[in-house]
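Numbers here are sequence positions counted from 1.
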Amino acid sequence: ENDVEVKIALLTATVKVFFKRAPECVDMLKVLLTNVLNDTSDTDLHDRSLLYYRLLQQGNIGNVAAKVIGSGKDVVTTFTEERASGMKQKLFE
């Protein structure tokens, strides 16, 4: 399973670098996407590479793909259960 996580991280990092320095890594990205798309041993890896490939095929790499792939993740500070303690009391009565 660690092997798949490394491949996913490599794929995501390569695509992010592509947005910053496309001419220098376009060949590497082509080879990586080709290899990963042909590898069907892990569904998550295959689906993610297919998503990236389709986003990049849209032609508008400056907008849609960069926003989807390069967006940061929001930090979760509170959970719904913590906010709705009164609701939880009512549900379990």
>> If hydrophobic clusters are built from ILVMFWY residues whose side chains come within less than 4.5 Å, do Ile8 and Val31 share one?
In response: no
> Under a 4.5 Å side-chain heavy-atom rule over Ile, Leu, Val, Met, Phe, Trp and Tyr, are Met28 and Phe19 clustered together?
Replying inline: no
>> Between Lys7 and Asp39, does any NZ, NE, NH1 or NH2 come within less than 4.0 Å of an OD or OE carboxylate oxygen?
In response: yes
When rounded to the nearest 0.5 angstrom, what distance separates [atom1] in [X] from [atom2] in [Y]?
{"X": "Leu56", "Y": "Lys30", "atom1": "CG", "atom2": "NZ", "answer": "11.5 Å"}
{"X": "Thr43", "Y": "Leu50", "atom1": "OG1", "atom2": "CG", "answer": "12.0 Å"}
{"X": "Asn35", "Y": "Leu11", "atom1": "CG", "atom2": "CG", "answer": "11.0 Å"}

> What are the two closest heavy atoms between Thr14 and Cys25, and how far apart are they?
Replying inline: O-SG, 4.3 Å
> Does the side-chain contact (heavy atoms from CB on, under 4.5 Å) test come out yes or no for Val17 and Leu29, once each step is laid out?
Replying inline: CA-CA 9 Å; Val17 170; Leu29 184 60; over 6 Å; no
>> Tell me if a side-chain donor or acceptor on His46 pairs with a main-chain N or O of Thr40 at a distance below 3.5 Å.
In response: no
> Does the side chain of Thr12 come within less than 4.5 Å of Tyr52's, by heavy atoms?
Replying inline: yes
